Protein chains: 2
Amino acid sequence: MLNNSHYIDKLRSSGLRPTKQRIKICEILFNTEKTFHFTINDLVKKISKATNDKISLATVYNTVHAFKKKGYLKEIPINSDQSYFDTNTSHHHHFYDENQKDLIDIDDADVEPVKINTRIPGKKIKSVEVLVKVEDTE
Amino acid sequence: MLNNSHYIDKLRSSGLRPTKQRIKICEILFNTEKTFHFTINDLVKKISKATNDKISLATVYNTVHAFKKKGYLKEIPINSDQSYFDTNTSHHHHFYDENQKDLIDIDDADVEPVKINTRIPGKKIKSVEVLVKVEDTE
DNA sequence: TTCTACATTATAATAGTTCTAAACTGTTGA
DNA sequence: TCAACAGTTTAGAACTATTATAATGTAGAA
Ligand SMILES: [Mn+2]
Ligand SMILES: [Mn+2]
Ligand SMILES: [Zn+2]
Ligand SMILES: [Zn+2]
């Protein structure tokens, strides 16, 4: 609501026009001290709670993809019927709670550097991510 | 074709009736020294190459899910529009080639043990998997 | 203000997956 | 041996996340 100029600058500097839909989505995604994980469906719900103006589903998809492309969001590889996104773009890892179907960050400092002693010729490493699946003890 | 009794025993001992469709799918998935990764679509193609009798798509899905449940297949977490399965059920890791959209095994021995220095109370670790995304150097 | 490229939108299309319900088959035990 | 039943297969419909389409709207430059 208030200090949108930050988002306007951010969008403009990355070649995205600061439309009111994109600014609203920035507010929802980045106007918080805590980062979080979400699906498109989660985001749509957050938007409808936060505003009276509707944002079309197509725009939500377009915007999330544009932000991902610019590095403002990461997509988390979870096998699921829908994509998970992450507002935490720093290098980190995840617990996936199979009971709650919930992603939880693992700080990079809490994982010893992953050493891979093999390479693929002609390919360079883009990312190394650890997924720790957990379930209830019982 | 020949030694199906092994698959018949395997199916029967896990409570699955050894139907001809399941035996055929066993032959395709497990009758090879090398393990491999596949999508449902890949498997459907392999089946139609290997046999004249059609197996319905619903049965392919049913069978793959049944085998996964019994631990004869693993599902690999990749963000993709389709699920990837693995006939290698041992503990190992993966390269994912983003250009070829191809999974490549990383032997467990080629990855230094991943140490996670944090836990979630009330949860136990089910698996720890490393996904290394790679792309063409250029 | 006018122009234009970019963005939004409703809606249709696509595609992987799951569901349905009818037909079929493997197994059991009388 | 064979009926009976539960498990399985099947074609096709339904579902759902995502992407494409194409018409309308708008931000920013000139
Ligand atoms: Mn899945
Ligand atoms: Mn995806
Ligand atoms: Zn995260
Ligand atoms: Zn593998």
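Model, not experiment: these values are computed from the prediction.
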Using the side-chain contact (heavy atoms from CB on, under 4.5 Å) rule, pick out the option among B:Leu73, B:Leu103, B:Val44 that qualifies with B:Phe38.
B:Leu73
Report yes or no: is the cationic atom of A:Lys101 (NZ for Lys, CZ for Arg) under 6.0 Å from the centre of the six-membered ring of A:Tyr84, at an angle within 45° of the ring normal?
no
Can you measure A:Gln21 atom CD to D:dT24 atom P for me and round it to whole angstrom units?
18 Å
Contact under 4.0 Å: A:Ser83 side-chain N or O vs D:dA17 OP1/OP2
no
Can you classify the ring geometry of A:His93 versus A:His91 as parallel (below 30°), tilted (30 to 60°) or perpendicular (above 60°)?
perpendicular
Nucleotide C:dC6, atom C1' - distance to CG of A:Leu11 in whole Å:
13 Å
Interatomic distance, A:Gln82 CD vs C:dT17 C1' [rounded to whole Å]:
14 Å
Rounded to whole Å, CZ of B:Arg12 lies from P of D:dT8 at a distance of 12 Å
Salt bridge flag under 4.0 Å for residues A:Lys123 and B:Glu135:
no
Stacked cation flag B:Lys10 on B:Phe30, 6.0 angstrom / 45 deg:
yes
Using a 4.0 Å cut-off on heavy atoms, which residues in residues 51-63 of chain A reach DNA chain C? List them by number, or say none.
A:Lys54, A:Ile55, A:Ser56, A:Ala58, A:Thr59, A:Asn62
If we ignore angles and hydrogens, is there a donor and acceptor under 3.5 Å between the side chains of A:Asn88 and A:His37?
no
Atom pair distance, as rounded to whole Å: CD1 in A:Ile25 and C1' in C:dT9:
13 Å
Do A:Thr59 and A:Gln21 meet the criterion of a side-chain donor-acceptor pair at a distance under 3.5 Å?
no
Produce the list of close N/O pairs, under 3.5 Å, pairing protein atoms with atoms of nucleotides 23-25 of chain C; give distances to one decimal.
none

Under 4.0 Å between a side-chain nitrogen and a carboxylate oxygen: does that hold for B:Glu129 and B:Lys74?
yes
Group every Ile, Leu, Val, Met, Phe, Trp and Tyr by side-chain heavy-atom contacts under 4.5 Å, then state whether A:Phe36 and B:Ile120 land in the same group.
no
Between C:dT9 atom P and A:Lys24 atom NZ, what is the distance in whole Å?
13 Å
What is the distance, rounded to the nearest whole Å, between atom NE2 of A:His65 and atom C1' of C:dT8?
16 Å
Once you round it to whole Å, what is the distance between C1' of D:dT26 and CG of A:Leu16?
15 Å
Measuring to OP1 and OP2 of C:dG26, would you say a side-chain N or O of B:Arg22 lies under 4.0 angstrom away?
no
